[in-house]
Amino acid sequence: MVDKFRERQRTIQMVFLVSSLVLLLKAAQLQLFDDSLSRRAHATAIHRMTIYPPRGLIYDRNDSLLVTNNAVYDVMVTYNQISPKMDTLKFCRLLGITREEFEAALKKDWKSGKFSRSVPFVFMKKIPATTYARLQECLYEFPGFFVQVRNIRAYPYRAGAHVLGYINEVDQRDIERGGGAYASGDYIGATGVEAYYEERLRGKKGFSFLLKDNLGRIVGRYADGKADTLPESGDDLVLSIDARLQQYGELLMANKSGSIVAIEPSSGEILAMVSAPTYDPNDLVMTNDRGPVFRRLHSDPLKPFFDRTVMAKYPPGSIFKTVVSLVGMQEGVLYPNAGQGCGGGYFYAGRLYKCHGHGPVTNVVDALAYSCNTYYFGEFRDIVDKYGFHNPHQGLDKFHQYCRELGLGRRLGVDYPNESAGYIPDSRYYDRIYPRHLGGWRSPTIMSLGIGQGEIQMTTLQMANLAACIANRGYWYPPHLAKGFKSGGDIPALYRQAQRVNIDPKYFELVVEGMAQCVNRGTARASAIPGLQVCGKTGTSQNPHGDDHSVFFAFAPKDNPKIAIAVYVENAGWGASYAAPIASLMIEKYLNDTISAQRKHLEERMMKANLVEKYLQGRRQAVLKPSPRPTTPPPSEPDIPTDEPIGATTATQNERRRR
């Protein structure tokens, strides 16, 4: 009996002991390890009010303000702090709203979890400064309501909408990706440099801690404000853009579709970046009702939201002949001083591939100046056939490698969203289209690449960068928009590292001279600038849907160049018709700060030209008749000349053409 009593006693003691240990461990967990309860209690006693920092300003290269901040005022409310004795009519009168609008703003789905009666939420966004001033004088009469100051963007120059971008209110994905940096209601850079440099532009939020009573009413500052933190302003960004040049480019491209990119060759800094059509960046400031603006821009058939500087992929046309010249000379298959008879075009397999009328081509300088198609059909074939007519793969892939060194067929790494890589085809591409068991492909199949047609695609940014590389005689810096930050700190090292091309500088000198003669006596002579040697090359990009595209790239001056530029005007015809004049006006404006009297007529003609209908007509034709793609095999073997035996040297082929 005694043993049973002692056993029961030990059992009870063990139960008490285990229970005590469990309670002790739970208390330790709650008090030492898990702070959720203390945070919950803290939250009911202390309200944390966000103080938003000013977003970093954006300047151009000459310290002109491109993007500034304007203060806006959001009326906030904590529902359970509203006094039932509040003069609602006076409050509505101050804000300029009706009683129905007042009640609608307070009506929330409390069960959804998105709102709480004890947590502030936005009652009314972006009230005018005059309304804020009236309300602030008697805000003490309306417990539960307070005003939160925010900053929104404004654009003094009304230009550069694509480059600068705009800000949006964060969505749930932004909050999740932000790692705690964002909360509902915050703003974030959505496009352009606003998006790319968001982390440096946004700044750091500050917080003010306020005490609440058991009814959730604010009764004072927590710890006399010692726990408060001040906001840190975002970094002010200095862009390489020249605001006046940007504005001027947008005026020249008014009522046209296309793009302009201008670069400083010695640094890779982008001087202007125009995508047309564009829009006024002030149309998308946060104080506006942006819904109708977005709908209008998205539905516009001219596609003003589409950034043609980095997203559009164009066939470059004859400006690509500079690349063929450089590669051909470096590979030893193009003899700089050898001429070429034209005769109106290039004959192959009973077909004439036409060329325009021009003077005699006695060397590579003449070929570039006059943009002779016949010359470049043959020279491109020589590059591809360097290792034998029946082994075009090795020659094309070597050419492809040089193109990548020149920044073609790959992203350049610009500090700007949505950059396209363009496209330079290699042998694998043509093997897929022209399988070997069906005859394969040879240099005649792809010789249109030699004049910048076929499957080649380049962005306007890549064209301008190619002009900068030629201007530098064989190297280029990755194009970039950031020149620096007012607060200090360098731009990424990538943009200060020269990218060198494995082509002898002496061959670049010949191409430079060819581009100079193109302006002096060739296809771009109408765009020459008095007293300034411009080096440029025209291009007319064939378009199966309406008028051809007008292309031009250039740099100036010839020695110690200060600007390289590419202009692409869609459905505008010859390169000399629109692209070359626009580029020459941009160059003159940048270097001379004004347009000479004898060229004012050219400026007026470019600004007044309206090519919108030509663009829309091309778009309609594209819908009705999509662009043809190569889907059939090349001509059968009998159509390929049999006088070019396997392994025939390129030198032999060149000699045959010269005879």
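Below, each value reflects all heavy atoms present in this structure, side chains not excepted, and no hydrogens, waters or symmetry copies.
Looking at heavy atoms from C-beta onward, Ile175 lies in side-chain contact with Val170 at the 4.5 angstrom threshold. The closest side-chain heavy-atom distance from Val501 to Tyr475 is not below 4.5 Å. In this structure, the side chains of Glu264 and Ser267 come closer than 4.5 Å at one or more pairs of heavy atoms. Taking the side chain as every heavy atom from C-beta outward, Thr445 and Tyr430 never approach each other to under 4.5 Å. Residues Phe485 and Val238 fail the side-chain proximity criterion, which asks for heavy atoms closer than 4.5 Å. In this structure, Leu461 and Ile270 have side chains that are in contact, with non-hydrogen atoms separated by less than 4.5 Å. Annotation: side chain of Lys386 is not in contact with side chain of Ile383 (no heavy-atom distance under 4.5 Å). A 4.5 Å side-chain heavy-atom check between Leu334 and Val364 finds at least one atom pair inside the cut-off.
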Test log, rule side-chain contact (heavy atoms from CB on, under 4.5 Å), inputs Leu252 and Met607: CA-CA 5 Å; Leu252 292 172; Met607 288 187 176; 4.0 Å; yes
Under the side-chain hydrogen bond (donor to acceptor under 3.5 Å, both in side chains) criterion, do Ser541 and Asp548 qualify, and how do the steps go? CA-CA 6 Å; Ser541 178; Asp548 292 338; over 6 Å; no
Take Asp242 and Arg244 through the salt bridge (Lys or Arg N to Asp or Glu O under 4.0 Å) test and state the conclusion after the steps. CA-CA 6 Å; Asp242 184 304; Arg244 293 184 62 205; 6.0 Å; no
Evaluate side-chain contact (heavy atoms from CB on, under 4.5 Å) for Tyr197 paired with Ile58, printing each intermediate quantity in order. CA-CA 11 Å; Tyr197 287 106; Ile58 302 178; over 6 Å; no
Please walk me through it: do Met273 and Ile260 pass side-chain contact (heavy atoms from CB on, under 4.5 Å)? CA-CA 6 Å; Met273 204 167 179; Ile260 302 172; over 6 Å; no
Test salt bridge (Lys or Arg N to Asp or Glu O under 4.0 Å) on Arg404 and Asp426 and set out the steps. CA-CA 11 Å; Arg404 290 187 64 83; Asp426 59 8; over 6 Å; no
Could you walk me through whether Arg61 and Leu271 pass the side-chain contact (heavy atoms from CB on, under 4.5 Å) test, one step at a time? CA-CA 8 Å; Arg61 67 187 299 109; Leu271 304 171; 3.4 Å; yes
Would Lys205 and Asp186 count as a salt bridge (Lys or Arg N to Asp or Glu O under 4.0 Å) if you check the C-alpha gap in whole Å, the side-chain angles of each, and the deciding distance to 0.1 Å? CA-CA 10 Å; Lys205 290 183 283 189; Asp186 288 356; 2.7 Å; yes
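Between the side chain of Tyr314 and the backbone N or O of Glu570, no donor-acceptor pair lies under 3.5 Å. Looking only at distances, no side-chain donor or acceptor of Thr538 sits under 3.5 Å from a matching main-chain atom of Ser318. A donor-acceptor pair is defined here as one N or O able to donate and one able to accept, closer than 3.5 Å; no such pair exists between the side chain of Glu379 and the backbone of Gly328. Without hydrogens or angle criteria, Thr540 side chain to Gly575 main chain gives a donor-acceptor distance under 3.5 Å. Between the side chain of Asn62 and the backbone N or O of Ser64, no donor-acceptor pair lies under 3.5 Å. Using a distance-only test at 3.5 Å, with no hydrogens or angles considered, no donor-acceptor pair links the side chain of Asn282 to the main chain of Val285. Under the 3.5 Å distance criterion, the side-chain polar atoms of His549 are left unmatched by any main-chain donor or acceptor of Tyr568. The backbone N or O of Asn151 sits nowhere less than 3.5 Å from a side-chain atom of Asn70 that would complete a donor-acceptor pair. Panel note: side chain Gln453, backbone Gln542; a donor-acceptor pair is recorded below 3.5 Å. Between the side chain of Lys303 and the main chain of Ser299, no donor-acceptor pair closer than 3.5 Å is present.
The two residues Val193 and Asp415 make their nearest non-hydrogen contact at CG1-O, 4.4 Å. Contact record, Val310 with Pro417: CG2-O, 4.0 Å, taken as the closest heavy-atom pair. Closest approach of Tyr196 and Val414 over heavy atoms only: CE1-O, 4.2 Å. Nearest heavy-atom pair across Ala609 and Asn255 is O-CB, 3.9 Å. Nearest heavy-atom pair, Asn465 versus Tyr477, reported as atom, atom and distance to 0.1 Å: OD1-O, 3.7 Å. Residue Tyr402 comes nearest to Glu331 through the heavy atom pair OH-OE2, 2.6 Å, listed as atom of the first residue, atom of the second, then distance.
A donor-acceptor pair shorter than 3.5 Å can be found between the side chains of Lys321 and Asn373. Side-chain contact check for Lys537 and Ser371: at least one donor-acceptor pair (N or O, by modelled atom type) lies under 3.5 Å. Judged by distance alone, the side chains of Ser257 and Arg308 do bring a donor and an acceptor atom under 3.5 Å apart. Using a 3.5 Å distance cut-off with no hydrogens or angles, the side chains of Arg381 and Ser443 do pair a donor with an acceptor. There is no side-chain donor-acceptor pair under 3.5 Å between Tyr187 and Arg202. Between Glu269 and Tyr495, the side chains place no donor N or O within less than 3.5 Å of an acceptor N or O (distance only, hydrogens not considered).
Ring centroids of Tyr423 and Tyr429 are separated by less than 6.0 Å, placing the two rings close together. You'll find the ring centres of His162 and Tyr279 inside the 6.0 Å limit. Note: Tyr248 and Tyr590 fail the aromatic proximity criterion, with ring centroids not under 6.0 Å apart.
By the 30° and 60° cut-offs, the orientation of the rings of His393 relative to Trp441 is tilted. Ring pair Phe305/His298 is tilted by interplanar angle, where 30° to 60° counts as tilted.
Within 6.0 Å of the CZ atom in Arg428, the count of heavy atoms belonging to other residues, nucleotides or ligands does not exceed 12. Counted within 6.0 Å of CD on Glu199, heavy atoms from surrounding residues, nucleotides or ligands total 12 or fewer; the atom is thus considered open.
Distance check, rounded to the nearest 0.5 Å: CE of Met458 to CG of Leu406 gives 9.0 Å. For the atom pair CG (Asp431) and CG (Leu396), the distance works out to 9.5 Å, reported to the nearest 0.5 Å. To the nearest 0.5 angstrom, Leu164 atom CG is 8.0 Å from Ile241 atom CD1.
Checked against Leu57 for a side chain to side chain contact (heavy atoms under 4.5 Å, CB included), the options Leu237, Val67, Asn69 give a single hit: Asn69.
Cation-pi check for Arg153 over Tyr166 is not met; the charged atom does not lie both under 6.0 angstrom from the ring centroid and within 45 degrees of its normal. Both tests pass for Arg150 against the ring of Tyr52: distance under 6.0 Å to the centre and angle within 45° of the axis.
Every ring pair (Phe, Tyr, Trp, His ring centres under 6.0 Å) that Phe377 has, sequence neighbours left out, goes to Tyr346, Tyr353.
Residues Glu405 and Arg500 are not paired through a salt bridge, judged by the lack of any N-O separation under 4.0 Å between the basic side chain and the carboxylate. Taking 4.0 Å as the cut-off between side-chain N and carboxylate O, Lys483 and Asp60 do not count as a salt-bridged pair. Salt bridge annotation for Asp235-Arg55: absent, with no cationic side-chain nitrogen under 4.0 angstrom from a carboxylate oxygen.
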